[in-house]
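Have a look at the structure below before the remarks.
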Amino acid sequence: MRKKIIGAAALMLTAMLLAATAVAACPSEEAHRYGSWRTKTSATCTRQGHQFRYCRNCDHWQQRYTPKLPHTPGEMTVTKEPTCTETGRKEGICTACGGTVRKTIDKLPHEYGDMVVVQEPTCTQNGRGEYTCATCGRVKSETIPKLGHDWGKCVVTKAPTCAADGAGTQTCARCAKTQTVKIDRLTHVFGEWTVRQEPEGRKKGVREHTCTLCGAVKSEHFYAEDTLYEDMEPCEEVIALQERLKDLGYYNGSIRSGTFGSMTTTAVARFQRDHGLEDTGLADAATRQAVDDAWEKATGKRVAVTLDAEEMESAAEAQAMEE
Ligand SMILES: [Zn+2]
Ligand SMILES: [Zn+2]
Ligand SMILES: [Zn+2]
Ligand SMILES: [Zn+2]
Ligand SMILES: [Zn+2]
């Protein structure tokens, strides 16, 4: 009686697998050590296969069924042509079992013609188009994207000035909707400088220029064009000046950056004192010429002359004439 209950429990545990005799040698289901599956009956297209495997340690065994094989039809004959609304069918004879094999043929795609516009798109609303299948009459709908406004030229309603933004109006060529647009303020257009006071020695001059659009006047302090001075924008000319002053023993600072600092001012002033010039510390045209002359004399080299674009052009012309 008890043995029967244990047997029933084992059957439940193995589920689909059939437990056979339960001669206790392996202590649990997990303990069995099965060999490989052996085929008793091979599967065909009409029959499942049947396989067994045996425990190496006890006389427990398992069985399983393997699925039927697919039929192997030869040439198939279409018995119903597919359309765009219905599937088709085809049949063949299985070369293994001689049975009839039936297969479905996929539906054909619809044969849509050109799109017909049902609703024209506007500037702000999508339109709609339709396609119709020539075979079955099925209708397929498609969205035509909205066009967006076609803004024309801007008509100025308020002219911009140097001080304030202006405004304009644009009109859509299609739907006549209007919109207001901002016109950026103008930038001053200054005329030529007028010198109010010439620079003199260490003292900067004063000059001013006037905006030709709004009449605004802007003035600034300035040194002459060819003067190099402390805290000016770093440049090549400062580097050349510092190199020469260094060769002449007046300057001992850094050269690479082209920055005119207090050390350069001191060096220029010392050079000026030694050469009978006013010791302003500014490298004006006369001072720069004196530095070049002193450097040429001391080194026996010539100062390389750098020409601006206009000078280069006339020099090239002169050379061409000679040839
Ligand atoms: Zn076993
Ligand atoms: Zn078959
Ligand atoms: Zn169709
Ligand atoms: Zn529009
Ligand atoms: Zn202005």
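This one's a predicted model, so the numbers in the text were calculated from it and none came from an experiment. In listed order, ligands and their atoms are each counted from 1.
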*N-O pairing of Lys301 and Glu296 below 4.0 Å*: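 Judged by the 4.0 Å cut-off on N to carboxylate O distance, Lys301 and Glu296 do not form a salt bridge.
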Is NZ or CZ of [X] both nearer than 6.0 Å to the six-membered ring centre of [Y] and within 45° of the ring axis?
X: Arg38; Y: Phe52; result: no
X: Arg53; Y: Trp61; result: no
X: Lys204; Y: Phe222; result: no

*Proximal heteroatom of His110 relative to the Zn ion (ligand 3) (N/O/S)*: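 Closest to the Zn ion (ligand 3) among those atoms: ND1.
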*To the nearest 10°, what's the angle at the Zn ion (ligand 4) between atoms SG (Cys123) and ND1 (His149)?*
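Centred on the Zn ion (ligand 4), the SG/ND1 angle is 110° (to 10°).
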*asked:* Between the Zn ion (ligand 5) and His188, which N, O or S atom of the residue is the nearest one?
replied: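 Restricting His188 to its N, O and S atoms, the minimum distance to the Zn ion (ligand 5) goes to ND1.
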